[in-house]
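What follows is a set of notes on a single structure, which appears directly below.
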Amino acid sequence: RDQIFPTVLDEGAWSGESTLVSKSGPIDVEEHYFLIRDELGNPQYIADVITDIRERKRTRAELERLVAERTQALKERETLLTALMDATQDTVALVDREGIILSINQSGAIRFGKTPHELIGLNVYALMSSDLAQARKTLIDQVFETAIPANFMDIRNGIHFKNAVYPILDPDSSLVSRVAIYASDISDRIRAENTIRENEDRLSKIMLAAKDGMWDWDLTSNDVYFDPRYYLMAGYEVEEFPHRLDEFQQRIHPDDYEKV
């Protein structure tokens, strides 16, 4: 009160919270002091309007508790989502309509030579060559416009990527506000497929030079394949009979059938 009354006399009013000692114990109150002057303008009275704010403070304390719990839950959820995103070797990123990176996992950041924290807020297209950036932007813009996921493959810095882009709808407008981008490095698979094709081509050329025929039978699917030389050796035009096991069986000599 030693500070309140001089303030009221000097400024004409004071408001704030204080504690009122009642018969039943301390009460949290909000006070509003007013200076009342006489007709000559001289200070005459000091009035104080007191409001019991115990319920308000209980409500505020409960709200603060709920906010703290919600904040902690969001932090735990964010930690879990970050752990899940970082558990994969694929790039996982969240991008808005302008191409601004909202979130990216550790693997994706490493591919750009940065940390996730350094990438958030940057434009993803600015991190690519102009041709690749334009191609990706065209495909991603289509997802924003149509809300239909897109899948495509491209190459960045000599690395083959299989990309999947999924729309995320705004709950209020039902428009696509962000997209989730998943990019898998499939370079090893591409190299393996190329090696298989090269080996198959090499084997085909060797067999053609040796005038050997070949057929194979997939025991899991029961599919049969006859190569062109097999048809010719059997006296048929290529693809003259279908690729079925019974076609092979009916061309086995009767003397060899049981052995085969």
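Listed for the Asp52 side chain is a donor-acceptor partner under 3.5 Å among the backbone atoms of Arg54. Of the possible polar contacts, none joining the Asp201 side chain to the Arg197 backbone as a donor-acceptor pair under 3.5 Å is found. Listed for the Asn105 side chain is a donor-acceptor partner under 3.5 Å among the backbone atoms of Asp90. Listed for the Asp86 side chain is a donor-acceptor partner under 3.5 Å among the backbone atoms of Gln106. Of the possible donor and acceptor atoms, one in the side chain of Asp227 sits under 3.5 Å from a partner among the backbone N and O of Tyr230. The backbone N or O of Glu17 lies less than 3.5 Å from no partner atom in the side chain of Asp28, so there is not a single donor-acceptor pair.
When only modelled atom types and interatomic distance are considered, Ser187 and Asp185 share a side-chain donor-acceptor pair under 3.5 Å. Looking at Trp217 and Asp223, their side chains never bring a donor and an acceptor atom within 3.5 Å of each other.
Counting non-hydrogen atoms of other residues, nucleotides and ligands closer than 6.0 Å to CD of Glu258 gives a total of 12 or fewer. When the shell of 6.0 Å around CZ of Arg77 is examined, it contains 12 or fewer heavy atoms from other residues, nucleotides or ligands. Heavy-atom contacts from other residues, nucleotides or ligands closer than 6.0 Å to OH of Tyr182 number 12 or fewer. For CZ of Arg70, the number of neighbouring non-hydrogen atoms (other residues, nucleotides, ligands) closer than 6.0 Å is 12 at most. Residue Gln44 qualifies as enclosed at atom CD: its count of foreign heavy atoms under 6.0 Å is above 12. The 12-atom threshold is exceeded at CD of Glu193, counting heavy atoms of other residues, nucleotides or ligands nearer than 6.0 Å. Within a 6.0 Å sphere centred on CD of Glu237, heavy atoms belonging to other residues, nucleotides or ligands number 12 at most. Taking a 6.0 Å sphere around CG of Asn157, one finds it holds 12 or fewer heavy atoms contributed by other residues, nucleotides or ligands.
Annotation: side chain of Val179 is in contact with side chain of Ile140 (closest heavy-atom distance under 4.5 Å). Here the side chains of Val124 and Ile104 are not in contact, with every heavy-atom distance at 4.5 Å or above. Annotation: side chain of Phe5 is not in contact with side chain of Trp14 (no heavy-atom distance under 4.5 Å). Residues Leu35 and Leu9 are in side-chain contact: their nearest non-hydrogen atoms beyond the backbone lie under 4.5 Å apart. Contact annotation: the side chain of Val224 never approaches that of Glu247 to less than 4.5 Å [non-hydrogen atoms, C-beta and beyond]. Inter-residue side-chain proximity for His243 and Trp215 is flagged as unmet; no heavy-atom pair is nearer than 4.5 Å. At a threshold of 4.5 Å between non-hydrogen side-chain atoms, the residues Thr88 and Ser107 do not count as touching. You'll find the side chain of Leu139 stays beyond 4.5 Å of the side chain of Arg136, heavy atoms only.
Atom CD1 of Ile100 is separated from atom CG of Asn123 by 4.5 Å, given to the nearest 0.5 angstrom. How far NZ of Lys162 is from CG of Asp154: 13.0 Å, rounded to the nearest 0.5 Å. For the atom pair Lys137 NZ and Gln134 CD, the distance stands at 6.5 Å (nearest 0.5 Å).
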Go through the steps to decide whether Phe248 and Phe226 satisfy the test ring pair (Phe, Tyr, Trp, His ring centres under 6.0 Å), and finish with yes or no. CA-CA 9 Å; Phe248 166 76; Phe226 303 109; 7.2 Å; no
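Val176 and Arg97 make their closest contact through O-NH1, 4.1 Å (heavy atoms, listed as atom of the first residue, atom of the second, distance).
Using cut-offs of 30° and 60° on the angle between ring planes, the pair Phe241 and Tyr231 is tilted.
A cation-pi contact links Arg251 to Tyr236, judged by a cut-off of 6.0 Å to the six-membered ring centre and 45° from its axis.
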